[in-house]
2 protein chains.
Amino acid sequence: MDSNHKPERTRLTAENWELAALQMIADHGVGALAVEALARELGVTKGSFYWHFRSREALLQAALDRWEEYGEREVLGQIEKIADPRQRLPELFRRVAHELQPHRVYAALLKALDHPLVVPVMARVSKRRTEFLETAYREAGLVPREALNRARLTYAAYVGFLQLNFTLGLPRLNHDEFDSYIEHMIATLIPA
Amino acid sequence: MDSNHKPERTRLTAENWELAALQMIADHGVGALAVEALARELGVTKGSFYWHFRSREALLQAALDRWEEYGEREVLGQIEKIADPRQRLPELFRRVAHELQPHRVYAALLKALDHPLVVPVMARVSKRRTEFLETAYREAGLVPREALNRARLTYAAYVGFLQLNFTLGLPRLNHDEFDSYIEHMIATLIPA
DNA sequence: ACGAATCCATACGGGTGAGTATGGGGCGCG
DNA sequence: CGCGCCCCATACTCACCCGTATGGATTCGT
């Protein structure tokens, strides 16, 4: 430990700033995304930041774009590999339930829905995911109107769960309670 | 129109500030709760505010307390009058669905779950409402474990719906689509 | 090796919003 | 009538944070 407590050093790239921004958003919310605080975190000063980005909002936009692109590629990409449509929904539920880490940014963005830059991103992501659920429910045998409503209900339950248990940390479910809840959700929402 | 465009005048009381604060929270979120902005809204200056309240946080706390107390008295009080437990849940769903106005503060508070003063309030409110749903589901015939999980699922769906359709304004449901969604929710979540 | 491009530090200006100090005006009450 | 208390205006200070200006340091191309 010859220099700082943050072992990062040497030159930075725009990607470094964007990833650090996403980390900051996940930890302390969009409102805490300040350039001087980020610079401290990275062991540099504002002088560095304003070389890579035109403004604070430009960084936020870049970070959101990166997050959205990553989310589409990772979350939905894996699921579409599951061939059997009947197994797709339960498997989706179980996988999503056990990857809590990637949802931290999503939960933080849910709390920043007043910010103009956040709204269109969340609108696109929510729309795509709901449509994905809708086709999955149709493949599972629901008629179109029911599939649409069930998709909306499912995604609302997902978002609400994030808010209540993740952000609020409300009932602090242990592992068994959590699994029990997920299986109950599968039994209730997915048609037999 | 001899004076201001805001027809409020004469001396103010602490209650006036708290109600104006809740209005501001509902309209522009907790972050927009600034004392100078509120003072402008009420047609006075900061000098007035700091006579009634010690700080900005004191106002926020008072407003939250008022909202929590009002919510318990109004929302849950009406529902408990419904005698038949079988009719209680569908009736609850339909009533809650058609009173969107009282939910605006709740939706705004959902976006302020990083604020230390907001978290305990939301934790208490969510806990009470989930427990209310749990007993209602038990009265409707579910076994205890299922009643608990179904209550959590229902409340999560409620919270997520607020976030997606209220705050985000996503699919912009019209009246028929909205009713269709509510009835689908009743058919899916409430045991026959 | 040496100039040029890249990356960063230092220092400053400006805007915003919380909190304080202090005095003045309205209103009840004797 | 005039005295005192309640309510509010004015005018500050202070802290924070965005953005700019400019020069220094490091690295890369050739």
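Each chain gets a letter, A, B and so on, in the order its sequence line appears, and its residues count up from 1. The figures that follow rest on heavy atoms only: side chains count, while hydrogens, waters and symmetry mates do not.
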Checklist entry - Among all residues two or more places apart in sequence or in another chain, which pass the salt bridge (charged side-chain N to carboxylate O under 4.0 Å, His left out) test with E91(A)? => result R95(A)
Item to check | Pair S180(A)-H184(A), side-chain donor/acceptor within less than 3.5 Å | outcome: no
Item to check | Candidate list V118(A), L110(A), V119(A), test side-chain contact (heavy atoms from CB on, under 4.5 Å), partner L168(B), passing option | outcome: V119(A)
Would you list the protein and nucleotides 18-21 of chain D atom pairs, both N or O, that sit under 3.5 Å from each other?
residue	atom	partner	partner atom	Å
dC18(D)	OP2	V35(A)	N	3.4
dC18(D)	N4	K46(A)	NZ	3.3
dG19(D)	OP2	Y50(A)	OH	3.2
dG19(D)	OP2	R56(A)	N	2.9
dG19(D)	N7	K46(A)	NZ	2.8
dG19(D)	O6	K46(A)	NZ	2.0

Checklist outcome for this item: Shortest non-hydrogen pair, D179(A) vs H98(A), comes out as OD1-NE2, 3.4 Å
Checklist entry - Taking only residues two or more places apart in sequence or in another chain, which ones pass salt bridge (charged side-chain N to carboxylate O under 4.0 Å, His left out) with E36(B)? => result none
Checklist entry - Does H52(A) place a side-chain N or O at less than 4.0 Å from the phosphate oxygens OP1/OP2 of dC8(C)? => result yes
Next on the checklist: Suppose the criterion is ring-ring contact (aromatic ring centres under 6.0 Å, His included): which pairs have a residue in residues 26-49 of chain A, not counting sequence neighbours?
Outcome noted: W17(A)-F49(A), F49(A)-F53(A)
Checklist entry - Which pairs pass side-chain hydrogen bond (donor to acceptor under 3.5 Å, both in side chains) with one or both residues in residues 54-64 of chain A, sequence neighbours excluded? => result Q61(A)-D65(A)
Filtered N/O pairs between nucleotides 2-4 of chain C and protein, under 3.5 Å:
none

Next on the checklist: Going by salt bridge (Lys or Arg N to Asp or Glu O under 4.0 Å), name the pairs with one or both residues in residues 68-77 of chain A, residues two or more places apart or in two chains.
Outcome noted: E68(A)-R124(A), E68(A)-R128(A), E69(A)-R73(A), E72(A)-R128(A)
Item to check | Rounded distance in Å - CG (L59(A)) to C1' (dC17(D)) | outcome: 15 Å
Checklist outcome for this item: Closest to the side chain of R11(A), out of dC8(D), dT27(D), dC7(D), is dT27(D)
Next on the checklist: Whole angstroms only, please: what is the CH2-P distance between W51(A) and dC7(C)?
Outcome noted: 4 Å
Item to check | R94(B)/E183(B) ion pair, N-O < 4.0 Å | outcome: yes
Checklist entry - Between Y181(A) and F161(A), does the ring centre distance come in under 6.0 Å? => result yes
Item to check | Those residues that, when tested against R66(B), pass side chain to side chain contact (heavy atoms under 4.5 Å, CB included) (two or more places apart) | outcome: E15(B), E18(B), L19(B), L22(B)
Next on the checklist: What is the separation between atom CG on L38(B) and atom P on dG19(C), rounded to the nearest whole Å?
Outcome noted: 13 Å
Checklist outcome for this item: The correct list of stems in which DNA chain D takes part (3 or more consecutive Watson-Crick or G-U pairs, distances under 3.5 Å) is C:1-12 with D:19-30, C:14-24 with D:7-17, C:26-30 with D:1-5
Item to check | Listed once per pair and sorted, the ring-ring contact (aromatic ring centres under 6.0 Å, His included) pairs that draw on residues 109-157 of chain B, sequence neighbours left out | outcome: Y155(B)-Y158(B)
Checklist entry - In residues 13-25 of chain A, which ones come under 4.0 Å of DNA chain C, going by heavy atoms? => result none
Checklist entry - For A34(B), which residues count as a side chain to side chain contact (heavy atoms under 4.5 Å, CB included) partner, sequence neighbours excluded? => result A37(B)
